[in-house]
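Remarks on the structure that follows.
Indexing begins at 1, ligand by ligand and atom by atom, following the structure's order. Sequence positions, counted from 1, serve as the residue numbers for this chain.
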Amino acid sequence: MTDLYAVFGDPINHSKSPRIHALFAEQTRQDLHYRAQRVPAEDFNQALRAFLAEGGKGLNCTVPLKELAWQTVSQAPHRLSERARLAKAVNTLALQPDGSLLGDNTDGMGLVNDLLRNHRVNLTGKRILILGAGGASRGVILPLLDCKPDSIVIANRTVSKAEALVADFAGHGKLQASGFDSLSGQQFDVLLNATSASLSDQLPPLPAKLLADNACCYDLAYGNQPTAFVRWGRENAAAQSLDGLGMLVEQAAEAFALWRGVRPDTQAVIALLDGERQLSAAQ
Ligand code: ATR
């Protein structure tokens, strides 16, 4: 029987997730259907109930539902993974044999896998700078700390939000809060843009000479054209300046593995989507 999966969000019409999961299913010969469904925040709990009643086995949640999904699954009989609990956001729900839901957050693992496996960016012992202290930043911190970097600095326009984030992860690794101004004179090996500035083609105010030799810049956002941060990385001679297309595919692969017990090959799917966007950017 064909198993049902979906992504909920609002807006949802440009979601690449149905395509990615269809490619994974074909590749691994899994019998499943994955659809995109527009669900505004106020309809989330009702849409979730209806989806489960329809036989839904697993769900992805995207903007603006990740925090709501986290709240729902925080209540018994449901369960949260440790990384989702600390992220305070859930992007993956998996139906369990007893009818309860497991809430997970695969975003951070998606980022780490893209860096480590696809771009050979080593994180162990490295100085990491995360720009932004919102949901996107919170979602990736624990998997990054698990890679044992030298340190992680979280820089944010509103410094108090970076400080609150650091406090939430106290005891999990070496984390420090900062404003953008106080980054002057420091250097980093890996710079991650987790601000929403990319969405409006803007850049956080970054001081000069932030990049160490052989540094990697990575924007968690992606688009058909290079984001402002990817362009900034290139202009500042980063060894690599990447966007989040690979992270998108890798977080989907983590969800797929959780649901189906088999891990798809991601590199073929990333190459396909990258080729397609280059074609559409050229048009
Ligand atoms: P998300 O879930 O995408 O992380 P969010 O929780 O609203 O969205 O967080 C957005 C982040 O981008 C915040 O860190 C925000 O900084 P503030 O906390 O100071 O608002 C940051 N941000 C958004 N636009 C920015 C800009 N133009 N320059 C710098 N930081 C920006």
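- Contact shell of ligand 1 (protein heavy atoms, cutoff 4.0 Å): Gly132, Ala133, Gly134, Gly135, Ala136, Asn156, Arg157, Thr158, Lys161, Thr195, Ser196, Ala197, Gln202, Pro204.
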For residues 44-60, run the donor-acceptor check on the side chains, cut-off 3.5 Å, and write out each pair with its distance to 0.1 Å, sequence neighbours left out.
residue	atom	partner	partner atom	Å
Asn45	OD1	Thr72	OG1	2.9
Glu54	OE1	Arg35	NH2	3.0
Glu54	OE2	Arg35	NH1	2.9
Asn60	OD1	Tyr34	OH	2.6
Asn60	ND2	Asn91	O	3.0
Asn60	ND2	Thr92	OG1	3.2

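- Contacts of Asp150 classified as salt bridge (Lys or Arg N to Asp or Glu O under 4.0 Å), with partners at least two apart in sequence or in another chain: none.
- When side chains are defined from C-beta on, Glu276 counts as touching Leu273, because their heavy atoms get closer than 4.5 Å.
- Side-chain contact of Gln225 with Asp201: a donor-acceptor pair under 3.5 Å is absent, judged by distance alone.
- No side-chain N or O of Thr106 forms a donor-acceptor pair with one of Asp104 less than 3.5 Å apart.
- For the ring-ring contact (aromatic ring centres under 6.0 Å, His included) test, no residue two or more places apart in sequence or in another chain qualifies with Trp70.
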